[in-house]
Student: 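Let me begin by handing over the structure; questions about it come next.
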Amino acid sequence: MSNNQAKVILFVSQKGGSAKTTNIINMATASMFQGTRNVVILDCDPQRSAALWQDDNREDKVKNFEYVLPQVIAPRQDVMPSEIITRLKGQMDEIWIDTAGFVGYQQDTAQMYLNDILPLVDLIVTPLKASKFDLNATKDTIDYINHVSKNIDLNVPKLLLPSDIKNGERGVSYVHTLLEPVLSKPENSEWVLMDTYIPFSGLFVKAHERGGNAFVPRKIEKVTEAYVAALMEIRTHLGLVSESQKRNEVQDIISSLQVTRQNASKEKRQDELDDQE
């Protein structure tokens, strides 16, 4: 990306298990495959799910591709996220931020982190599944962000991303049905339901558990394409690509995934040889 300052993309939801971490990992990876080299995930979830994905029990097959997986960092207890974001904005292209499943009460770390981060973000994404439980959490999330927006003039795109959707278009239609009364309220007019949705895949769940994702070590067609499309849709809302560019980019990234993996593996091997000299 050509901008001097990193784009800060926040994932937030009042429900644990809404796929925040999963979405961030995959979209940050999609961005790297698209050619954005300076990508980082800032793990502000006290459970450290993204950090565990990076560090815990990663299989050897996945480790061969770590070169093209995004780096995850987490704030120390004595450092607020805004300090890290401010420091990284001049060094990175994109900062993807994971947050807690429940921001809790006023003195909780999760809420302090979120309030600290919000003035610095360029775009907000709230993932949701096709369920009434997720709908309630999504309404709480929207209400909270709307409340904070009044105090800090949070004039950034606010997106809702259907995630882990079963039954294809029928599942998406159900999400639309659930959200219609919420999005029809005037106070929620800034919130937009994304055109892209992330489908459910058992293979993808297994890949994620092994420390990989929809791209590494092998792509899972429908999920991979969905994440690339979601990334391009986010960039459209950020004003970085047009609609026609978005369509072309999706096809270009999908067609070049294998070459990108091969080149990354070669670069990694060369780096290892250089380190040995």
Side-chain angles (χ1 to χ4, degrees), residues 1 3-32 36-58 66-127 137 140-141 144-145 147-149 151-154 156-159 161 163 208 211 213 231 234 238:
M1 298 170 77
N3 292 2
N4 293 326
Q5 292 287 305
K7 293 298 182 183
V8 180
I9 302 158
L10 172 70
F11 276 67
V12 60
S13 171
Q14 282 278 63
K15 185 177 184 303
S18 63
K20 292 189 302 297
T21 305
T22 302
N23 280 314
I24 284 177
I25 288 169
N26 282 274
M27 267 184 266
T29 304
S31 183
M32 294 184 72
T36 309
R37 299 305 300 170
N38 297 316
V39 177
V40 66
I41 296 172
L42 181 57
D43 189 353
C44 294
D45 182 350
Q47 292 184 325
R48 297 291 187 258
S49 299
L52 288 172
W53 167 81
Q54 175 179 254
D55 300 330
D56 194 33
N57 299 324
R58 180 163 282 177
E66 284 184 334
Y67 192 85
V68 287
L69 290 171
Q71 177 71 21
V72 181
I73 61 174
R76 300 194 314 267
Q77 286 187 344
D78 59 339
V79 177
M80 292 300 286
S82 59
E83 297 177 50
I84 300 173
I85 296 167
T86 302
R87 188 163 66 245
L88 290 175
K89 283 201 76 160
Q91 305 171 22
M92 308 303 293
D93 295 312
E94 291 172 356
I95 304 169
W96 297 77
I97 303 179
D98 195 9
T99 54
F102 172 60
V103 299
Y105 306 101
Q106 192 167 0
Q107 299 305 314
D108 286 356
T109 299
Q111 187 173 125
M112 288 191 293
Y113 273 8
L114 182 58
N115 291 345
D116 181 61
I117 293 164
L118 280 169
L120 300 174
V121 305
D122 295 293
L123 182 140
I124 296 170
V125 181
T126 294
D140 289 344
T141 304
Y144 186 80
I145 298 298
H147 172 72
V148 175
S149 297
N151 299 321
I152 62 172
D153 190 24
L154 191 61
V156 301
K158 302 174 183 70
L159 309 179
L161 174 60
S163 301
H208 189 261
N213 55 27
L231 173 69
I234 283 173
L238 286 169

Student: Any idea which heavy atoms bring N26 and N213 closest together, and the distance?
Tutor: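 Looking at all heavy atoms of both residues, the shortest contact is OD1-CB, 3.2 Å.
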Student: Run the side chain to side chain contact (heavy atoms under 4.5 Å, CB included) check on L118 and I145 step by step: do they pass?
Tutor: CA-CA 9 Å; L118 280 169; I145 298 298; 4.0 Å; yes
Student: Any idea which heavy atoms bring K158 and S149 closest together, and the distance?
Tutor: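 It is CE-OG, 3.8 Å.
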Student: Quick one: does D140's side chain have a donor or acceptor within less than 3.5 Å of a partner on Q14's backbone?
Tutor: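 Not confirmed, D140 side chain does not pair with Q14 backbone.
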Student: Given L114 and L10, is the side chain to side chain contact (heavy atoms under 4.5 Å, CB included) satisfied, shown in steps?
Tutor: CA-CA 9 Å; L114 182 58; L10 172 70; 3.9 Å; yes
Student: Using only atom types and a distance under 3.5 Å, with no angle test, would you say the side chain of S31 pairs donor to acceptor with the backbone of M27?
Tutor: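 Side chain of S31 to backbone of M27, a donor-acceptor pair under 3.5 Å: no, none is there.
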Student: Q54 versus Q71: any side-chain heavy-atom pair under 4.5 Å?
Tutor: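 Yes, at least one pair of side-chain atoms sits under 4.5 Å.
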Student: Parallel, tilted or perpendicular: which one describes the rings of W96 and F11, with boundaries at 30° and 60°?
Tutor: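 If you compare the ring of W96 with that of F11, the planes turn out tilted.
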Student: Let me confirm one number: the NE2-CD1 distance from H147 to I152, rounded to the nearest 0.5 Å.
Tutor: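 These two atoms lie 10.5 Å from each other.
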Student: Do you know which two heavy atoms are closest between M32 and Y67, and how far apart they sit?
Tutor: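 Scanning both residues, the minimum pair turns out to be CE-O, 4.2 Å.
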Student: Between the main-chain N or O of M80 and the side-chain N or O of S82, is there a donor-acceptor pair closer than 3.5 Å?
Tutor: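 Absent.
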Student: Using the rule side-chain contact (heavy atoms from CB on, under 4.5 Å), only one of I117, I85, D98 pairs with C44; which is it?
Tutor: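 Only one of I117, I85, D98 forms a side-chain contact (heavy atoms from CB on, under 4.5 Å) with C44, namely I117.
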Student: Testing the basics here: between K15 and K20, what is the closest heavy-atom pair and its distance to 0.1 Å?
Tutor: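 Here K15 and K20 meet closest at O-NZ, 3.6 Å.
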Student: Closest heavy-atom contact between D45 and D43?
Tutor: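 In terms of heavy atoms, the two residues are closest at N-OD1, 3.1 Å.
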Student: Might you point out which heavy atoms bring V12 and T126 nearest each other, and give the distance in Å?
Tutor: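 Looking at all heavy atoms of both residues, the closest pair is O-OG1, 2.9 Å.
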